[in-house]
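Below, chain A is the first sequence line, B the second, and so on; all start at residue 1.
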There are 2 protein chains.
Amino acid sequence: MNIETPLWRQVRAAIVAEIAAGEFPPGTPLPAEKLLAERFACAIGTIRRATDGLVAEGVLSRQQGRGTFVAQHTSERLFRFFHLRQPDGTAELPRTEFLDFTRRIADAEQAAALNLAPGAPLLRARHLQHLAGRPAMLEKLWLAEALFPGLDGPRFAGRAGTVYDLYQREFGISVTRIDEQLRAAIPNARNAERLGLRAGEPALFIRRIAFAVDGRPVELRLAWADTRELAYFNSRA
Amino acid sequence: MNIETPLWRQVRAAIVAEIAAGEFPPGTPLPAEKLLAERFACAIGTIRRATDGLVAEGVLSRQQGRGTFVAQHTSERLFRFFHLRQPDGTAELPRTEFLDFTRRIADAEQAAALNLAPGAPLLRARHLQHLAGRPAMLEKLWLAEALFPGLDGPRFAGRAGTVYDLYQREFGISVTRIDEQLRAAIPNARNAERLGLRAGEPALFIRRIAFAVDGRPVELRLAWADTRELAYFNSRA
DNA sequence: TTCGATTTGTTCGTATGTATT
DNA sequence: TAATACATACGAACAAATCGA
């Protein structure tokens, strides 16, 4: 009789939808498993099954005795998406130098990446990430204006934490997945100079699309990383 | 009374140890969950809990109605560790051109990477991966001779499937995790010529350490990838 | 500090559905 | 068709961590 999707998937989807809708602001606890089980008219084990994957993905965080919390984009969480490290693997928090913030119009590639119509209004920010006191990565990022109403340079530059923390706390957008493409290339003179590279020296070019918890693409980011002293770390099991 | 590690972790470790010891050759089914539950004197749910993570990591593969199998390094499995793709994301099976196979002695860095003493005997292989009919990645890899007794050039070059498939089927070593460091750099003239790069053109330099199911490092691999037409794909949730 | 209520973590057992052989 | 094996779902009990009275 049951050829439909499993109950635990339905429950998972419902919880994700509620998080995406901002029902549970980041940092706040979900209802206790017992309550969720009552609400969804299922067993606690089914709730566990539904949330296990979200915990593994970092969307939720469970703490024995306390509750299950919607994960915040704190500094630890940053390292899930920040791959630049010292060769010995030392993870360090980058310092961000704001460069500029402007309004733009989506070209074909940007529109495709963000699932928008070409010509849609975009917000573009640029900044420079410093590690070990030196410029390490030059980033340019685009956002659909419709998803970030009222965001401007001062608000972007004056944020307290990470960029994704800003998205999450002020616009209810939780980035939970990123897709990246990496290439080795030679940046133009302006970009090379910003990174302290000599002419003809290569850098790592990174194209990232960030997705919200509901799967929508929300940010396109192009970056140049100086990998003379640093390396991009990737681990796969 | 129970400050010890959870039962499901003990069971997991036991299963991993048996796989690492070659008790269940790749492709063969594990004992049914009911049998495992009897053997470990626990509930079936505990067996599930123990194997869930291994399934997620690709070490095991469960099929309803058939059984739970030790994963083989088939071509699909390859793409877990092979990140070079066309910019549109098209995944293609590389063609491998064997270059050479030699005996070496571990220097300090190789020894550290493979958890050996400096001076330990190594095997070194080089090959060239082709994609879309063009050279795409030049790889140099080192193995501890002690872990691969009797491996030589003909056996390495004459293998049927992937390198990791060879490790697994002929030496009982299942690679389940890799750590990679990526940099942009300019290869020397010899390497550039092999990849069809002009002088001064950059390539992606990849340093990989591969780990067996029991966590031991088993392979060090240095690679130059041509990212003019291809890109290194990475996705993180 | 102690204690009790709450919440997640672990483990058990059972029943039924679905896919494979 | 029947037996086998995994998939889903339910429910219960106790342990361990947390927090407030």
Take A/I44 and A/R66, find for each the nucleotide of DNA chain D with the closest heavy atom, and name the residue whose nucleotide sits nearer the 5' end.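 Going by which nucleotide is closer to the 5' end, it is A/I44.
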Nearest-nucleotide 5' precedence on DNA chain D, A/Q10 against B/L35: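 Between the two, 5'-proximity favours B/L35.
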Could you work out which one of [options] sits closest to the side chain of [X]?
{"X": "A/R48", "options": "D/dC6, C/dG9, C/dG13", "value": "C/dG9"}
{"X": "A/Q64", "options": "C/dG9, D/dC6, C/dG13", "value": "C/dG9"}
{"X": "A/E33", "options": "D/dA9, C/dC12, C/dT8", "value": "C/dT8"}
{"X": "A/R49", "options": "D/dT8, C/dT10, C/dT11", "value": "D/dT8"}
{"X": "A/A32", "options": "C/dT8, D/dA9, C/dT11", "value": "C/dT8"}

Tell me, please, which residues at least two apart from B/R62 pass salt bridge (charged side-chain N to carboxylate O under 4.0 Å, His left out).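 Listed in chain order: B/D52.
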Interatomic distance where [atom1] belongs to [X] and [atom2] belongs to [N] [whole Å]:
{"X": "B/D52", "N": "C/dT10", "atom1": "CG", "atom2": "P", "answer": "13 Å"}
{"X": "B/R12", "N": "C/dT10", "atom1": "CZ", "atom2": "P", "answer": "13 Å"}
{"X": "B/W8", "N": "D/dA15", "atom1": "CH2", "atom2": "C1'", "answer": "16 Å"}
{"X": "B/K34", "N": "D/dA7", "atom1": "NZ", "atom2": "C1'", "answer": "16 Å"}
{"X": "B/F40", "N": "C/dT11", "atom1": "CZ", "atom2": "P", "answer": "13 Å"}
{"X": "B/I47", "N": "C/dT10", "atom1": "CD1", "atom2": "C1'", "answer": "14 Å"}
{"X": "B/L7", "N": "C/dG9", "atom1": "CG", "atom2": "C1'", "answer": "13 Å"}

By the 4.0 Å heavy-atom rule, please label B/A41 as base, sugar-phosphate, or nothing.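 Counting heavy atoms under 4.0 Å across all strands, the contact made by B/A41 is with sugar-phosphate only.
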Using a 4.0 Å heavy-atom cut-off across all strands, classify A/G67 as base, sugar-phosphate, or nothing.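 It contacts sugar-phosphate atoms only.
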Plane angle bin for A/Y164 and A/Y167 - parallel if under 30°, tilted between 30 and 60°, otherwise perpendicular: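 Ring orientation of A/Y167 relative to A/Y164: tilted.
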Does the plane of the ring in B/Y232 sit parallel, tilted or perpendicular to the ring in A/Y232? Use 30° and 60° as the thresholds.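 Geometry flag for A/Y232 against B/Y232: perpendicular rings.
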Should B/F40 and B/L7 be marked as a side chain to side chain contact (heavy atoms under 4.5 Å, CB included) after you check the CA-CA gap, both sets of side-chain angles, and the distance that decides it? CA-CA 9 Å; B/F40 289 109; B/L7 181 53; over 6 Å; no
According to a strict under-4.0 Å criterion, is B/T46 in side-chain N/O contact with OP1 or OP2 of C/dC12?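 Yes, because at least one side-chain N or O of B/T46 sits under 4.0 Å from OP1 or OP2 of C/dC12.
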Please state whether the phosphate of C/dT8, meaning OP1 or OP2, lies under 4.0 angstrom from any side-chain nitrogen or oxygen of A/T68.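 Result: yes.
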If the threshold is 4.0 Å, N to carboxylate O, is there a salt bridge linking B/E170 and B/R159?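 No salt bridge links B/E170 with B/R159.
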Once you apply the 3.5 Å cut-off to both distances, tell me the Watson-Crick or G-U wobble partner of C/dT1, or none.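 Looking at the geometry, C/dT1 pairs with no nucleotide.
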